[in-house]
Peer 1: 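I'd like to ask you about the structure that follows.
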Amino acid sequence: MISRIDLRGNALPEGGALRDLLPRAEFDVEAALETVRPICEDVRHRGSAAVIEWGEKFDGVRIDTIRVPAAAIAEALERLDPAVRAALEESIRRARLVHREQRRTTHTTQVVPGGTVTEKWVPVERVGLYVPGGRSVYPSSVVMNVVPAQEAGVEGIAVASPPQKDFHGLPHPTILAACALLGVDEVYAAGGAQAVAMFAYGTAECLPVNLVTGPGNIYVAAAKRLLKGRIGIDAEAGPTEIAILADSTADPVHVAADLISQAEHDPMAAAVLVTDSEELAAATEAELKPQVAATKHITDRIEPALAGRQSAIVLVNDLEDGLEVVDAYAAEHLEIQTADAAALADRVRNAGAIFVGPWAPVSLGDYCAGSNHVLPTGGCACHSSGLSVQSFLRGIHIIDYTRDALAEVTHHVVTLAEAEDLPAHGAALKARFGGEVPQQ
């Protein structure tokens, strides 16, 4: 059901050589670019009509307008199961607690007497938040995108999610209800590359945005890559992944359950166990079979995900090697299930989010930990962060110098400008002092 990679015995290779030994899903965004290019160009030229036609082709339903009526959003909330509403409200409450603390404040540094640099943080003016609607329904992604944008102070928030044939061309009602709970009334029935293009270029119904965030399939990722520059993006999200670093103290029932929980997302989802315990590896393998048999989405998602090249049990000499492996892998979600989990977690350098000990499974982070579940995939956690309030803020430096403060440093500026063969740079300062460098 799941393969093994045995790295015991010899010293681990370094850098890219180690990364190449580890399982990873194939996710060729570059190849998908040529598929999404004509879609994006069509939306650029024909606007809403193109979004509607591509939605009919890919989602199997024809709609009259892409903007979801306010009445439909309100009705979705009215009909929402009370238990689901309570769970979403708690998820929102916890996410707000965490994200509110992330807000940066303006800070002024006095560089010299009379010379200051202030960094102020300004929210992006308008954002487009993408919520997937394929194999599963993700109201939690509404929460994870909207809350940090709101806490950052973004004024214009628009949500897009694919039209659903079963709901007369509207996004899933639970997604609409989540929008209502968050006070978002600008929602569009648009999915895939056409939704990203709608946000980038704008249509008669949807004003263009400055930034697009949120996970999606390979075509959403390809559209983000194609349109990056016209819009800002959070990341090119690939298949979801979990890595678990565990020793002999870990419970194989927990480990197997957590691997399966990620595998049920998608047949390309990655589930990786890194352990120095042969006994845990064998027990986890044995535990996978009955747990998979007892769940849902077995043949279309879980079994192909666990059996795919992106999933494996990786055996290492010891936990030191295990740390090296998980840092090289740079997982979207990393669980530490060891005897001293907190200490090991503190040493991890590369992960989207780290879940410490047996009582902090990834599923908690997906919904109600308060953390954000929009995280870097495909090894990008070695250079990128998950979605946060900072994703929606821009730092702007404000430089304020007096005449004396400028005079004091002019000779250095002139020297550096001439060293770079840019004499006009220095002349711009000398012009303020009668064409001369002020005497020090």
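Computed from a prediction, not measured in an experiment: that's the story for all the values here. As a basis for the values below, the full set of heavy atoms in this structure was taken, side chains included, without hydrogen atoms, waters or symmetry mates.
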Peer 1: Could you go through E151 and R96, starting from their C-alpha distance and side-chain angles, then the distance that decides it, and tell me whether this counts as salt bridge (Lys or Arg N to Asp or Glu O under 4.0 Å)?
Peer 2: CA-CA 7 Å; E151 293 301 324; R96 285 208 190 282; 2.9 Å; yes

Peer 1: Minimum heavy-atom separation for A351 to L334, with atom names?
Peer 2: CB-CB, 4.1 Å

Peer 1: Is E14 paired with R19 through a side-chain N to carboxylate O contact shorter than 4.0 Å?
Peer 2: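 Looking at E14 together with R19, the answer is no, because their closest N to O distance does not fall below 4.0 Å.
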
Peer 1: List the steps, then state whether salt bridge (Lys or Arg N to Asp or Glu O under 4.0 Å) holds for R62 with E56.
Peer 2: CA-CA 5 Å; R62 178 81 182 186; E56 182 177 15; 3.0 Å; yes

Peer 1: Work out which heavy atom in G191 is nearest to a heavy atom in Q194; give both atom names and the distance.
Peer 2: O-CD, 2.7 Å

Peer 1: Taking NZ, NE, NH1 and NH2 as the nitrogens, is one of them in R347 or E320 under 4.0 Å from a carboxylate oxygen of the other?
Peer 2: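 Counted as a salt bridge, because a side-chain N and a carboxylate O are separated by less than 4.0 Å.
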
Peer 1: Are D276 and R8 close enough for a salt bridge, meaning some N to O gap below 4.0 Å?
Peer 2: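 R8 and D276: not salt-bridged.
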
Peer 1: Is there a side-chain contact between V220 and V196 (heavy atoms, below 4.5 Å)?
Peer 2: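 Of all side-chain heavy-atom pairs linking V196 with V220, at least one is under 4.5 Å.
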
Peer 1: With heavy-atom distances below 4.5 Å as the criterion, would you say the side chains of L245 and T275 are in contact?
Peer 2: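 No; the side chains remain at least 4.5 Å from each other.
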
Peer 1: Do the non-hydrogen side-chain atoms of S48 and Y188 ever get within less than 4.5 Å of each other?
Peer 2: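 S48 does not reach Y188 side chain to side chain.
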
Peer 1: Under 3.5 Å, is there a donor-acceptor pair between the S248 and S277 side chains?
Peer 2: no

Peer 1: If we ignore angles and hydrogens, is there a donor and acceptor under 3.5 Å between the side chains of T377 and E241?
Peer 2: no

Peer 1: Salt bridge check, R225 against E236: does any charged N sit closer than 4.0 Å to a carboxylate O?
Peer 2: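 Yes.
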
Peer 1: For E205 and T65, which I'm curious about, is there any donor-acceptor pair between the side chains at under 3.5 Å?
Peer 2: yes

Peer 1: Side chains of V131 and V159: does their closest heavy-atom pair fall under 4.5 Å?
Peer 2: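 A side-chain contact under 4.5 Å exists here.
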
Peer 1: I need the minimum non-hydrogen distance between G169 and P163, along with the two atoms involved.
Peer 2: O-CB, 3.1 Å

Peer 1: Going by atom types alone, do R103 and Q390 pair a side-chain donor with an acceptor below 3.5 Å?
Peer 2: no

Peer 1: Who passes ring pair (Phe, Tyr, Trp, His ring centres under 6.0 Å) against Y367, sequence neighbours left out?
Peer 2: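 Scan of Y367 (ring pair (Phe, Tyr, Trp, His ring centres under 6.0 Å), adjacent residues dropped) gives none.
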
Peer 1: Compute whether any side-chain donor of one residue and acceptor of the other, for T240 and E332, lie under 3.5 angstrom apart.
Peer 2: yes

Peer 1: Counting C-beta onward and ignoring hydrogens, is there a side-chain heavy-atom pair between L227 and C40 closer than 4.5 Å?
Peer 2: yes

Peer 1: Do the side chains of E26 and R309 get close enough for a salt bridge, i.e. N-O under 4.0 angstrom?
Peer 2: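 Result for this pair is yes, salt bridge flagged.
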
Peer 1: With no hydrogens and no angle check, do the side chains of T338 and D247 hold a donor and an acceptor under 3.5 Å apart?
Peer 2: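 Side-chain D/A pair, T338 to D247: absent.
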
Peer 1: Measuring from L375:CG to M144:CE, what's the distance to the nearest 0.5 Å?
Peer 2: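 The CE atom of M144 is 9.0 Å from CG of L375, to the nearest 0.5 Å.
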
Peer 1: For H265 and Y138, take the angle between the two ring planes, folded into 0 to 90°, and tell me which bin it lands in: parallel under 30, tilted 30 to 60, perpendicular over 60.
Peer 2: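 The rings of H265 and Y138 lie parallel, inter-plane angle below 30°.
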
Peer 1: Hey, are E89 and R85 close enough for a salt bridge, meaning a charged N less than 4.0 Å from a carboxylate O?
Peer 2: yes

Peer 1: Are the side chains of V362 and Q262 in contact, using a 4.5 Å heavy-atom criterion?
Peer 2: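 In contact.
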
Peer 1: Could you go through the salt bridge (Lys or Arg N to Asp or Glu O under 4.0 Å) check for R37 and E41 one step at a time?
Peer 2: CA-CA 6 Å; R37 194 183 303 274; E41 281 299 303; over 6 Å; no

